[in-house]
Amino acid sequence: MDHWMKLGVWTGFFILSLIIGKMLFRKLQNTLTLREIPSPTTSPILGMAYNLIKESQEELFRKYRELSKEFRPIYRVSLFHIDIVNLVNAVDIEQVLSNPNHSKTNTYDFLQGWLGSGLLTSSGEKWQLRRKLLAPAFDFNMLQDFLLVFNDETSKLVEKLTENLNESGTDISTYINHFTLHCVGETAMGWDWLDEGVLNDYRQNLKRMGQIILERVKNVWYRMNFIYTWTNLAYEEKRVILSLHRFTDTIIRRRLQRKGSVIERKRLSLLDILLKQKEEGTNLSHEDIREEIDTFLFKGYETTTMALTMLLLLLANHQHIQESVIKEIEAVVGKKLRPLTSEELRRLEYLECCIKETLRLFPSVAVISRIAGEEYTTSTGFKVPKGTTLLMHIYDLHRDPSVFPYPDKFNPDRFKSENSSKRHPFSYIPFSEGPRNCIGEKFALWELKTAACGILQNFRLLPVDDLVDLKFYTDFVLRTSSPVRIKFIKI
Ligand code: HEM
């Protein structure tokens with residue numbers, strides 16, 4: 001090696017050391033800044049990673065609830081060397097959600113193989129374009145079309161429940177899953193002609209996809225792409241994604257093969273809206289369309305399943321509240337099952353309070369995350385460095401006793417306008433808030449109201465299991481780990 005070459009190597013080595021040194025110094029500085037934030041005592045090196053590996057998902061869910069209670073409004077946990085800041089109060093959460101510089105975390109990257117960079121997973125300019133493109137699919141006129149689907153599917157749900165009445169109670173998951181998947185499937189793609197067997201496979205694949213992502217979130221090694229790629233789980237994920245994509249591709253292709261322009265169809269689905277935009281010159285590839293359809297299904301299916309399940313369970317366990325809802329339905333709609341109008345839905349105000357209270361106690365999306373895009377100071381004076389992972393625990397925010405007295409009690413009156421108008425706007429956020437709030441909020445409310453109304457016109461709901469015995473866990477959606485049973489008494 002000649003003199004100049006040696007000099008070059010040493011200079012390179014020196015510059016690299018400087019860069020690494022600077023990074024380590026910044027990491028140390030950030031760690032010291034974050035150490036100011038209160039934190040539970042955990043395993044010294046592993047931190048919460050120890051709990052992630054060792055404990056069941058139900059146990060972890062319970063542990064986080066305890067931490068939120070003990071450390072409200074803010075606490076820090078660590079996973080090996082990574083510090084995570086947990087927020088449990090309205091002011092701090094507003095600070096994060098209303099600032100677009102705080103971006104989504106890499107947990108959303110785990111979804112990219114399946115959902116590409118669609119509305120949920122994209123950011124910046126691409127997200128803005130997509131949000132604008134999809135907004136017409138959720139406007140009042142489209143919702144009126146979607147209501148036709150909700151009405152049809154409610155009739156089928158009531159029919160199925162009637163055929164399968166069970167003295168010892170019905171495990172409602174099969175029925176609710178079927179209802180919500182059909183609602184979102186038909187409104188997204190107009191798939192009313194689909195075969196049940198194909199749908200069943202699709203449902204199984206969706207479920208497995210959720211489990212795979214949970215495993216990636218839980219297992220620190222699986223978070224590292226260069227290790228994950230070589231695992232059996234990654235291999236299985238590829239297979240599941242292939243099936244999910246094949247399903248959506250087939251539907252898009254079949255729709256395109258139908259005669260005539262999509263603009264001429266009367267009852268439109270989200271797919272029609274996107275194809276219409278393409279016909280009118282918007283630059284949308286087949287993959288772009290598929291990723292939005294898949295996102296719609298992913299976000300619209302299990303969130304509403306959980307909400308409807310918990311609404312029925314809470315009503316079964318609170319007979320006097322169920323009676324009041326039934327009285328309202330009789331006054332607004334009558335006793336006989338029939339298609340509802342949007343005006344009738346609007347007038348079912350007490351039912352809406354029950355849905356809101358259900359989503360307060362059991363928000364389908366229990367936690368959302370962001371990466372701090374810039375350094376900022378929390379309401380209680382702690383500095384949060386740029387790049388910090390932030391978890392916002394909607395579940396615990398909704399159980400803040402200073403905002404919701406007797407927080408564990410099911411009390412829909414909290415949402416009557418006279419009781420809720422003075423609350424901080426970020427103290428109740430089941431659909432999130434700020435620019436990245438849920439685009440499907442109205443869709444979900446209309447669907448839930450239609451189903452609950454049809455069911456209560458036909459059945460009295462009685463409890464089978466005690467609510468306090470239910471165990472929960474969460475991945476992208478809140479879930480129960482045991483079946484939810486209700487006794488349906490036909491009237
Ligand atoms: C009870 C039902 C629902 C709940 C509780 C819910 C909740 C949420 C929450 C909390 C977010 C923010 C996620 C985050 O920031 O990480 C979100 C986003 C989103 N939701 Fe929903 N959702 C529901 C139903 C639906 C439905 C029915 C659809 C579509 C049909 C839908 C589509 C979306 C989409 C596309 C986003 C991403 C929006 C964006 O980033 O611009 N959701 N939802």
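In terms of modelled atom types and a separation under 3.5 Å, the side chain of Asn458 and the main chain of Gly454 share a donor-acceptor contact. Lys104 contributes a side-chain N or O that, together with a main-chain N or O of Leu120, makes up a donor-acceptor pair within less than 3.5 Å. Side chain of Glu357 to backbone of Asp413: no donor-acceptor contact under 3.5 angstrom is found. Although no hydrogens or angles enter the test, the distance criterion places a donor-acceptor pair under 3.5 Å between the side chain of Arg65 and the main chain of Phe61. Here the side chain of Glu328 pairs a donor or acceptor atom with the backbone of Tyr350 at under 3.5 angstrom. Panel note: side chain Thr282, backbone Gln277; a donor-acceptor pair is recorded below 3.5 Å. Distance alone, capped at 3.5 Å, is enough to place a donor-acceptor pair between the Asp139 side chain and the Met142 backbone. Although no hydrogens or angles enter the test, the distance criterion places a donor-acceptor pair under 3.5 Å between the side chain of Asn151 and the main chain of Leu340. Side-chain atoms of Asp272 come within 3.5 Å of backbone atoms of Ser269 as a donor-acceptor pair (strictly under, hydrogens ignored). Using a distance-only test at 3.5 Å, with no hydrogens or angles considered, no donor-acceptor pair links the side chain of Ser427 to the main chain of Val403.
In this structure Lys409 satisfies the side chain to side chain contact (heavy atoms under 4.5 Å, CB included) test together with Tyr406, Arg414, sequence neighbours excluded. For Thr174, there are no side chain to side chain contact (heavy atoms under 4.5 Å, CB included) partners, not counting sequence neighbours. Glu291 is linked by a salt bridge (charged side-chain N to carboxylate O under 4.0 Å, His left out) to Lys126, Arg130, counting only residues two or more places apart in sequence or in another chain. For the side chain to side chain contact (heavy atoms under 4.5 Å, CB included) test, residues two or more places apart in sequence or in another chain that qualify with Thr231 are Tyr222, Tyr228, Leu233, Ala234.
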Verdict with supporting geometry, Phe476 and Phe110, ring-ring contact (aromatic ring centres under 6.0 Å, His included): CA-CA 11 Å; Phe476 280 94; Phe110 299 156; 8.4 Å; no

side-chain hydrogen bond (donor to acceptor under 3.5 Å, both in side chains) between Tyr395 and Arg399, intermediate numbers included: CA-CA 7 Å; Tyr395 189 98; Arg399 289 175 191 242; 3.2 Å; yes

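The two residues Thr450 and Leu345 come nearest to each other via the heavy atoms OG1-CD2, 4.0 Å.
Residue Leu312 holds its CG atom at 11.0 Å from SG of Cys354, rounded to the nearest 0.5 Å. Remark: Leu308 CG to Glu447 CD distance equals 7.5 Å, nearest 0.5 Å. Distance CD/Gln211 to CZ/Arg216: 15.5 Å, rounded to 0.5 Å. Atoms CD1 and CZ, from Ile251 and Arg290 in turn, are 12.5 Å apart once rounded to the nearest 0.5 Å. Distance check: Thr358 OG1 to Leu315 CG gives 6.5 Å after rounding to the nearest 0.5 Å. A distance of 9.0 Å separates CZ in Phe247 from CG in Leu244, rounded to the nearest 0.5 Å.
A side chain to side chain donor-acceptor pair (under 3.5 Å) check over residues 433-445, counting only residues at least two apart or in different chains, returns the pairs Arg131-Asn437. Within the structure, side chain to side chain donor-acceptor pair (under 3.5 Å) pairs that include any residue of residues 303-320 comprise Thr180-Thr305 (at least two apart or interchain).
Side-chain rings of Tyr428 and Phe415 approach one another, their centers coming within less than 6.0 Å. Ring centroid separation for the pair Tyr202 and Tyr301 does not come in under the 6.0 Å cut-off. Taking the six-membered ring where the residue is Trp, the centroids of Phe146 and Phe140 are separated by 6.0 Å or more.
Salt bridge status for Lys278 with Asp288: absent, with no side-chain N to carboxylate O gap under 4.0 Å.
More than 12 heavy-atom neighbours from other residues, nucleotides or ligands sit within 6.0 angstrom of NZ on Lys156. When the shell of 6.0 Å around CD of Glu125 is examined, it contains 12 or fewer heavy atoms from other residues, nucleotides or ligands.
In this structure, Arg239 is not positioned above the aromatic face of Tyr235 in the sense of NZ or CZ being under 6.0 Å from the six-membered ring centre and within 45° of the axis.
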